[in-house]
Amino acid sequence: MRALIYSFLFCFSYANASEFNIRFAHFMPQNSWQNEKMFNGWKNAVEEESNGRISVTVYPAQTLGKAPAGYDNTIRGITDIAWTVQGYTAGRFPLSQIIELPGLFDKGVVGSCAFQKLYNSGALDEEYKDVKVLYVHTHGMGHFHTRNKKITTLEDIKGLKIRRPTNVIAGLISEMDAESIGMPAPTIYQNVKRGVIDGYMLPWEAVDSFRTYEVSKQHLEFGFYSLAFVTAMNKRTYERLPDDLKQVIDDNSGMKWSLTAGEGFDTADIIGLEKVKATGGIVSQLPDAEKAKLQRMSDKTSRDYISSLDNKGLPATQTLKQIKQYITQCRAEHG
């Protein structure tokens, strides 16, 4: 008991000794690998490198705001930092979401590396002008999951109510003659259980993190998409820091943490797939002819999305070309 009191007093005095406290919000469960390795890993690095002058409080599981509000909550100062999904604010990050188009890459570390290179190039500055971006990244490939219905052909998907990961992939769902329904990832479990949706797309790691393997036993392995993420910081919070502490934040931004995220997602995908199989999940593959048909649908979705942005005067074709160049580089570096 005495040791517990001493420990509490030490932590309390450490928090009081800090000059700045930064609130870091995210929507993953507290026991998720992201909370441990990405968010608390970042917290520990910043606190150590600032010699305790910065303390970071991590708020998991939407405790500082619902997942779709993360980006705006950062701008408003409700939180100092938020890790969120660009697709939760539809139409706000059109060039960023090109990275989500199907078939561009098959590993989170490659997608993260390419996405960070794209951001570093300045091509996305206008999209993130309201925040200080710490890093961007992707997860690995997202697959298709249903409660009980086994998918052996694309006809089996027709008419199903599917949770779309982003508006970009909504086009692909429409191509499959299914109904596209939007909702944040943390709500998938209950909506599958209640029958609000018939299926959803997630990578294996998220099936594990959100425990959706408990309510869905059929899984179709096909790289439907990869999701874009951003860790954004309130500009006023950053500007209040003295130059040496700004440097600590800058040193813990960019490619270093983008790769940490991408590699973490890839490792977690392996663990998640093992969990799905160990808990009775059935993992299926489409026949080659159906894969070819789905690939044609995916290609059409990509062409339509790029054309829609070009028609709005955005440099979508050029951005896609950049992304493909960066993917080639990142495969050589990390593939």
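Just so it is clear, the values below take in all heavy atoms, side chains as well, and ignore hydrogens, waters and symmetry mates.
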All heavy atoms of M28 vs all of S209, minimum pair found to be CE-CB, 3.6 Å
Determine, using ring centers only, whether H137 and Y119 are less than 6.0 Å apart.
no
Under a 3.5 Å cutoff, is there a donor and acceptor pairing between the side chains of Q322 and Q325?
no
Aromatic contact between Y200 and F210, with the criterion being ring centroids under 6.0 Å apart: yes or no?
no
Do Q247 and D251 have side-chain atoms, one donor and one acceptor, less than 3.5 Å apart?
yes
Under 4.0 Å between a Lys/Arg side-chain N and an Asp/Glu carboxylate O for K300 and E175?
yes
More than 12 heavy atoms of other residues, nucleotides or ligands under 6.0 Å from NZ of K324: is that the case?
no
Just checking, any donor-acceptor pair under 3.5 angstrom between side chains of S96 and Y128?
yes
I'd like to know if the side chain of Y225 reaches the main chain of M201, judged simply by a donor and an acceptor atom lying under 3.5 Å from each other, with no hydrogens or angles considered.
yes
What is the minimum heavy-atom distance between P287 and T152, and which atoms define it?
CD-O, 3.2 Å
Does K43 qualify as a cation-pi partner of F24, given the criterion of NZ or CZ under 6.0 Å from the six-membered ring centre and within 45 degrees of its axis?
no
Hydrogens and angles aside, do D250 and Y238 bring a side-chain donor and acceptor to less than 3.5 Å of each other?
yes
Are I173 and F144 connected into the same hydrophobic cluster when the rule is that any two of I, L, V, M, F, W, Y join if their side-chain heavy atoms are below 4.5 Å apart?
yes
What one should report as the nearest heavy-atom pair of V168 and E100 is CG2-OE1, 3.8 Å
Does any N or O in the side chain of W83 come within less than 3.5 Å of the main-chain N or O of V230, such that one atom is a donor and the other an acceptor?
no
Of all heavy-atom pairs between D80 and N21, which one has the smallest distance, and what is that distance?
OD2-O, 3.8 Å
Counting distance only, does the side-chain N/O of R164 pair as donor-acceptor with the main-chain N or O of G171 below 3.5 Å?
no
Measuring centre to centre across the rings, with the benzene-like ring taken for any Trp, is H145 within less than 6.0 Å of W204?
yes
Do Q86 and E127 have side-chain atoms, one donor and one acceptor, less than 3.5 Å apart?
no
Just wondering, more than 12 heavy atoms not from K66 lying within 6.0 Å of its NZ?
no
Common cluster, Y88/Y59, ILVMFWY with side-chain heavy-atom separation under 4.5 Å
no
Side chains of E49 and N252: any donor to acceptor distance under 3.5 Å?
yes
